[in-house]
Amino acid sequence: MSEDSDAEKTEDASPRKLQKAREEGDIPRSRELATFAVLMTAGAGLWITGGSLIGRLEGALASGLTLDREQVYNPTVLLERIANDVGGVLLACLPLAFAIMLVALAAPMLIGGFNFSSKAFMPNFMKLNPITGIGNMVSTNSLIELLKAIAKTLVVGAVAWIVIRSETDAVLGLAVEPLGTSTGHLGDLIARTFLYIVGALGVIALIDGPYQIWHYNNKHKMTRQEMIQESKESDGNPQIKGKIRQMQRQMARNRMMQNVPTADVVVTNPTHYAVALKYTDGQAGAPRVVAKGVDEVAAKIRELARENKVALLEAPALARALYKHTEIDDEIPETLYSAVAEVLAYVFQVRNFKAGGHYPDRPTKLAVPPEMDPLNPASQQKPEPKR
């Protein structure tokens, strides 16, 4: 089977396919990395704000357990005090809650970046297909997710067991310690256990992040045929583009040929090159190249020149130099001014020739610098670097 018919996805996803996937809401995400970031934020927040939060809770608890005569007989005062206590606790929790919410929103964007897609809200009835659901249950991705869940359970359980086992004496000693001392030791034990467990989850997150990127890129790989089809859709059919380019070249050639009758002279090789020059007397600037070509195009230029009585002059080196170093509508190079001036002077003398006079001599030794002639070995030599 040829590569073109091979159905295996061996080609990396194109930017267009990845952009289309993003528009549909399909981007790489790592839930383990997001969970780790949220838990670390919660732990750090409790570590920083724990003192003030505990103080607020102790004050609210003491206030709730203390009743005076006015509060007993006036429910309005009691409700007002309860509202103040609850508000104080909520206010103390607000910075921590805001930090956790902010990280919960930003953490998923650590991989895949921010993306909003309205298509993700559209109903997809294919998800209700039981055959598709069963296929997803037994897929490789489901197996990977199951292994990750088992790994998280084992890691969290093992870390918690190791930490608690190492602190067995401290845990048993909490029962005989004073309330104030035991509360501090208990909080320290919980904080260390929490940090150890979250650190273990961080290892899983570091593995899951690169895996999710690899899985996403692998899922969107394309077959060779898909690449070809996408190229045709985005850039157009190569055959049609080639036909358009051919038509454009033909139109440019036709426009160029229309300029030949207006030229003053056509310099030839004599068979392989032809360059038509035009000089407008009274206007600033050097003579311009109005048409040029090789082989068949050169033959067509010479034919049009004969039909329209445009002077033809054989000057091989000059023809090659003009063809090599100029484009249509360009002025001739300054190094060729002298040679072209001789050619035009000869052409104008021929135009003004009257019977009985001396017929102008055709120029034979034109001053064409060797480095301007593409067939001269001097033009192939690179200049020595300056020292």
Side-chain angles (χ1 to χ4, degrees), residues 8-13 17-47 96-97 99-117 119-121 123-167 189-222:
E8 293 184 0
K9 297 183 176 182
T10 57
E11 307 296 326
D12 291 336
K17 183 173 182 179
L18 293 179
Q19 180 61 31
K20 185 177 181 181
R22 290 185 67 87
E23 292 174 356
E24 294 176 354
D26 185 5
I27 52 177
R29 291 288 192 233
S30 175
R31 286 180 292 180
E32 312 305 330
L33 185 59
T35 301
F36 169 73
V38 171
L39 289 177
M40 282 298 294
T41 302
L46 285 174
W47 189 280
L96 178 60
I100 294 175
M101 181 184 68
L102 185 63
V103 173
L105 294 175
M109 293 185 288
L110 293 175
I111 296 179
F114 175 77
N115 184 58
F116 177 79
S117 173
K119 294 182 179 180
F121 295 99
N124 186 359
F125 296 102
M126 288 298 297
K127 294 182 179 180
L128 301 178
N129 189 339
I131 298 177
T132 304
I134 294 174
N136 292 333
M137 291 176 60
V138 297
S139 64
T140 304
N141 189 50
S142 298
L143 178 61
I144 296 295
E145 293 297 326
L146 176 61
L147 293 177
K148 285 198 302 182
I150 295 175
K152 284 192 294 183
T153 302
L154 294 176
V155 168
V156 171
V159 171
W161 183 80
I162 292 173
V163 174
I164 294 175
R165 184 175 177 81
S166 64
E167 301 288 345
L189 178 61
I190 293 175
R192 279 183 293 150
T193 304
F194 176 84
L195 290 177
Y196 285 137
I197 292 175
V198 174
L201 291 178
V203 176
I204 297 178
L206 291 177
I207 298 174
D208 184 65
Y211 166 76
Q212 292 297 336
I213 296 176
W214 173 84
H215 174 70
Y216 179 82
N217 293 330
N218 189 65
K219 179 177 68 173
H220 288 285
K221 279 189 173 182
M222 305 171 67

Q.
Which residues pass the side-chain contact (heavy atoms from CB on, under 4.5 Å) test with Ala34, not counting sequence neighbours?
A.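 Residues passing side-chain contact (heavy atoms from CB on, under 4.5 Å) with Ala34: Ala107, Pro108.
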Which atom of [X] lies closest to which atom of [Y], heavy atoms considered:
X	Y	value
Tyr216	Leu18	CE2-CD2, 4.0 Å
Gln212	Pro28	O-CB, 4.2 Å
Gly45	Leu96	CA-CD1, 3.5 Å
Ile100	Ala42	CD1-CB, 3.8 Å
Arg29	Met109	NH1-CA, 3.8 Å

Q) Only one of Ile207, Ile111, Asp208 forms a side chain to side chain contact (heavy atoms under 4.5 Å, CB included) with Leu33, so which one is it? A) Ile111
Q) What pairs meet the salt bridge (charged side-chain N to carboxylate O under 4.0 Å, His left out) rule with one or both residues in residues 103-114, with sequence neighbours excluded? A) none
Working to the nearest 0.5 angstrom, can you tell me the gap between [X] [atom1] and [Y] [atom2]?
X	Y	atom1	atom2	result
Ile27	Ile213	CD1	CD1	12.0 Å
Phe36	Thr41	CZ	OG1	9.0 Å
Glu32	Lys148	CD	NZ	4.5 Å

Atom pairs and distances, donor-acceptor, side-chain atoms in residues 194-206, under 3.5 Å, two or more places apart:
none

(Q) Less than 4.5 Å apart, side chain to side chain, heavy atoms only: is that true for Lys20 and His220? (A)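 Heavy-atom side-chain distance check fails, nothing below 4.5 Å.
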